[in-house]
Amino acid sequence: MALALYDTLRRERVTFEPLEPGCARMYTCGPTVHDFAHIGNLRTFLFEDLLRRVLEARGYDVTQVMNLTDVDDKIIQKARASGETIAEFTSRYTQAFFEDLTTLRVERAEHYPTATGHIDAMVDLVKRLEAAGHTYRTDDGSIWFRIASFPGYGKLSRIDLSGMRDGARVESDEYDKEDPKDFALWKAAKPGEEAWDSGFGRGRPGWHIECSAMSMAYLGETFDIHTGGVDNIFPHHENEIAQSEAATGRPFARIWLHAEHLIVDGQKMAKSLGNFFTLRDLLERGYRPRAIRYLLLSVHYRQQLNFTFAGLDQAAASIERLSDFVRRVEELPPGAAPVEELAARSHRAREAFEEALDDDLNTSRALAAVFEWVRDANRAIDEGRASAADRPALEAVLEAFDAVYDVLTPDAEELRLDEGIQALIDEREAARRERDWNRADALRGRLEELGIVVEDTPAGPRWKRSPGA
RNA sequence: GGCGGCGUAGCCAAGUGGUAAGGCAGGGGUCUGCAAAACCCCCAUUCGGCGGUUCGAAUCCGCCCGCCGCCUCCA
């Protein structure tokens, strides 16, 4: 079965057929590094991680580009306020961004180009647009894209340009634009601002030109997939299309994917509402990274995800079930031959899992396929029908699952063995052998207080950190 | 005002015409020294409301109610 994805531009599900067979080239709009990423940002980055992992699992050689916007109005403002250069200021948040990706097990893209590192490419693109007659300059020296010069403008967002004037939101612009919807390709430097030289005066690039220039530089004028959050559809991605296609005369991205937003307790996340969370906020509250990853991946990317702490607890519990199963598989007793029926069941599970993901990354359905299989496999183990000989068949499913979800291996924090814990476990086991149940139960209670759950198995006691610890 | 999305059990959520997946939580059992884990059974005659189309609708149409978002800061 082929991978089908929902294309925002065509408003329909399309079969993924890359430009070059076997290769998937994708551009993913990255962060503006002026603050810590919040969990809404991270949801989008996890969606993109899911996408690239599914592409990889299907055998594609993935080239992913994620830009880092390290110059814009806000950055200039904040850097100035903190008395730093732009580079000094943004490097802190760039580093934090990569730390967050690592924590959430996001696979690295092949390229993370920065805006400031690609000024030349942007200047070149602006020159191309200028030569083709799509631009004009205002008195201050800024260069604008003339929307009227690109007939396809609005095709992605289907925005009603005629109605926009009634929208009450169009500001009387500080610039002298021909049309309020025209957007900046190059902003002339204001006194005291950091600026770059170009053939048309000192200044800095507009936000939109960055993605057009860098995607072309790394992926070519036409590439397979472009992604971002829904808020980027208009104006950002609309403008990218206009600039890129006006300059090259060729189609830009072939498929557009957009992740819906995350909301918190049913409301838009906002600092003023006190419902604004970064990854660090959640970690400080003791939540595990893999539970956060699971939660943010468990809802379909085109559906709003309502983040709640109850949901995070549920995610942790779900992972616990899977992790307990992984351990059972590892501890299967020796056996001579694999059970054919179990192998067949596992094969079906893997197919169902992959089909669900092929269906526009339907993660909920994919999870259901895995959980149903876990139940069946657990039953086989309970009934003594499974042995170590079945491990390859079972592990094949787990590996396929975890190649995409990546939530089965414990976070480092879960594996640490605190001082004295093993001694308590040994002590309890000794008491049990002497059938001193009161003492054994008291020791188990103490371990529980330390966040350790002890389970007695035929092969002896084992422990794990309780989900909340 | 224009455009778009959503509303399925206590919570999360799949399901786009054929008679409600899965997870969490909860209740009852089996197993266990007791637990935990696991398994079994139960947990929506019903899918925001009201009409309509149809042999048949959560799924299609209409109206209404509620929620979220976009309309040049924003994942």
Side-chain angles (χ1 to χ4, degrees), chain A residues 11 28-32 34 37-48 72-74 157-171 173 177 180-184 207-208 227-236 238-239 258-263 266-270 294-295 298-300 302-306 308 310-322 324-325 327-328 352 356 362-372 374-383 432 435-438 440-441 444 448 453-458 461-464 466:
Chain A
R11 299 287 198 279
T28 50
C29 281
T32 300
H34 64 82
H38 62 247
I39 55 177
N41 297 319
L42 294 170
R43 190 228 178 155
T44 298
F45 299 139
L46 280 170
F47 145 67
E48 286 150 357
D72 80 335
D73 292 325
K74 213 176 272 178
S157 57
R158 305 208 176 162
I159 194 151
D160 179 5
L161 293 170
S162 62
M164 258 183 83
R165 280 209 174 75
D166 308 327
R169 269 277 214 121
V170 178
E171 308 154 22
D173 216 281
K177 291 192 272 183
K181 296 174 297 292
D182 288 344
F183 55 91
W207 175 39
H208 312 295
T227 74
V230 285
D231 54 285
N232 280 157
I233 295 173
F234 188 87
H236 185 50
E238 196 71 71
N239 291 349
H258 291 96
E260 251 300 346
H261 278 184
L262 170 153
I263 57 177
Q267 288 183 295
K268 183 173 178 169
M269 186 165 57
Y294 181 96
L295 176 64
S298 61
V299 176
H300 187 90
R302 282 192 291 117
Q303 177 152 353
Q304 265 182 5
L305 188 160
N306 186 18
T308 62
L312 201 44
D313 291 334
Q314 291 176 11
S318 300
I319 287 180
E320 201 64 12
R321 176 168 167 77
L322 295 172
D324 286 341
F325 176 69
R327 182 134 75 158
R328 282 196 97 184
N362 191 331
T363 50
S364 306
R365 226 179 83 201
L367 283 174
V370 170
F371 277 106
E372 283 176 71
V374 166
R375 188 190 54 223
D376 289 346
N378 264 325
R379 190 190 301 125
I381 296 173
D382 275 359
E383 293 169 357
R432 289 186 71 235
R435 306 184 74 80
D436 184 352
W437 307 126
N438 285 337
D441 290 350
R444 183 166 58 199
E448 247 162 57
V453 179
V454 185
E455 301 179 352
D456 299 319
T457 75
R462 66 183 190 189
W463 67 278
K464 65 181 181 187
S466 65

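Residue numbering restarts at 1 for every chain, and letters A, B, ... go by the order of the sequence lines.
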Write down the protein N/O and nucleotide N/O pairs, taken from nucleotides 38-43 of chain B, whose separation is under 3.5 Å; answer none if there are no such pairs.
{"residue": "B:rA38", "atom": "OP1", "partner": "A:R321", "partner atom": "NH1", "Å": "3.3"}
{"residue": "B:rA38", "atom": "O3'", "partner": "A:N378", "partner atom": "ND2", "Å": "3.1"}
{"residue": "B:rA38", "atom": "O2'", "partner": "A:R328", "partner atom": "NH1", "Å": "3.0"}
{"residue": "B:rA38", "atom": "O2'", "partner": "A:D382", "partner atom": "OD1", "Å": "3.0"}
{"residue": "B:rA38", "atom": "O2'", "partner": "A:D382", "partner atom": "OD2", "Å": "2.5"}
{"residue": "B:rC39", "atom": "OP1", "partner": "A:R321", "partner atom": "NH2", "Å": "3.2"}
{"residue": "B:rC39", "atom": "OP1", "partner": "A:N378", "partner atom": "ND2", "Å": "3.4"}
{"residue": "B:rC39", "atom": "OP2", "partner": "A:R321", "partner atom": "NH1", "Å": "3.3"}
{"residue": "B:rC39", "atom": "O4'", "partner": "A:D382", "partner atom": "OD2", "Å": "2.7"}
{"residue": "B:rC40", "atom": "OP1", "partner": "A:R379", "partner atom": "NE", "Å": "3.2"}
{"residue": "B:rC40", "atom": "OP1", "partner": "A:R379", "partner atom": "NH2", "Å": "2.4"}

Restricting to side chain to side chain contact (heavy atoms under 4.5 Å, CB included), what partner residues turn up for [X], sequence neighbours left out?
X	result
A:H38	A:N41, A:M269, A:F276
A:V299	A:R43, A:Q303, A:L305
A:A380	A:L342, A:R385
A:A184	A:W144, A:K187

Taking ring pair (Phe, Tyr, Trp, His ring centres under 6.0 Å) as the test, write out the residues that go with A:F371, two or more places apart.
-> none

How close or far is atom C1' of B:rA75 from atom CZ of A:R43, stated in whole angstroms?
-> 10 Å

Using whole Å, report how far NE2 of A:H300 lies from P of B:rA14.
-> 8 Å

Protein-nucleotides 68-70 of chain B N/O pairs closer than 3.5 Å?
{"residue": "B:rC68", "atom": "O2'", "partner": "A:Q304", "partner atom": "OE1", "Å": "3.1"}
{"residue": "B:rC68", "atom": "O2'", "partner": "A:Q304", "partner atom": "NE2", "Å": "2.4"}
{"residue": "B:rG69", "atom": "OP1", "partner": "A:K268", "partner atom": "N", "Å": "3.4"}
{"residue": "B:rC70", "atom": "OP1", "partner": "A:K268", "partner atom": "NZ", "Å": "3.0"}

Identify whether any heavy atom of A:F183 sits under 4.0 Å from a base atom; if not, whether one sits that close to sugar-phosphate; answer base, sugar-phosphate or nothing.
-> nothing

Given B:rA21, B:rC24, B:rA75, which nucleotide is nearest the side-chain atoms of A:A317?
-> B:rC24

Considering only heavy side-chain atoms of A:S318, the closest of B:rC24, B:rA14, B:rA75 is B:rC24

Contacts of [X] that satisfy salt bridge (Lys or Arg N to Asp or Glu O under 4.0 Å) - sequence neighbours left out:
X	result
A:E320	A:R288, A:K464
A:E372	none
A:R327	none
A:R444	A:D441

Produce the list of close N/O pairs, under 3.5 Å, pairing protein atoms with atoms of nucleotides 29-33 of chain B; give distances to one decimal.
{"residue": "B:rG33", "atom": "O6", "partner": "A:R432", "partner atom": "NE", "Å": "3.2"}
{"residue": "B:rG33", "atom": "N1", "partner": "A:D441", "partner atom": "OD1", "Å": "3.0"}
{"residue": "B:rG33", "atom": "N2", "partner": "A:D441", "partner atom": "OD1", "Å": "3.3"}
{"residue": "B:rG33", "atom": "N2", "partner": "A:D441", "partner atom": "OD2", "Å": "2.6"}

Does the distance from a Lys or Arg side-chain N to an Asp or Glu carboxylate O, for A:E260 and A:R302, drop under 4.0 Å?
-> no

Tell whether A:E372 reaches the base of B:rG22 with its side chain through a donor-acceptor pair below 3.5 angstrom.
-> no

Could you pick out which residue, A:N306 or A:D182, lies toward the 5' side of RNA chain B when each is mapped onto its nearest nucleotide?
-> A:N306

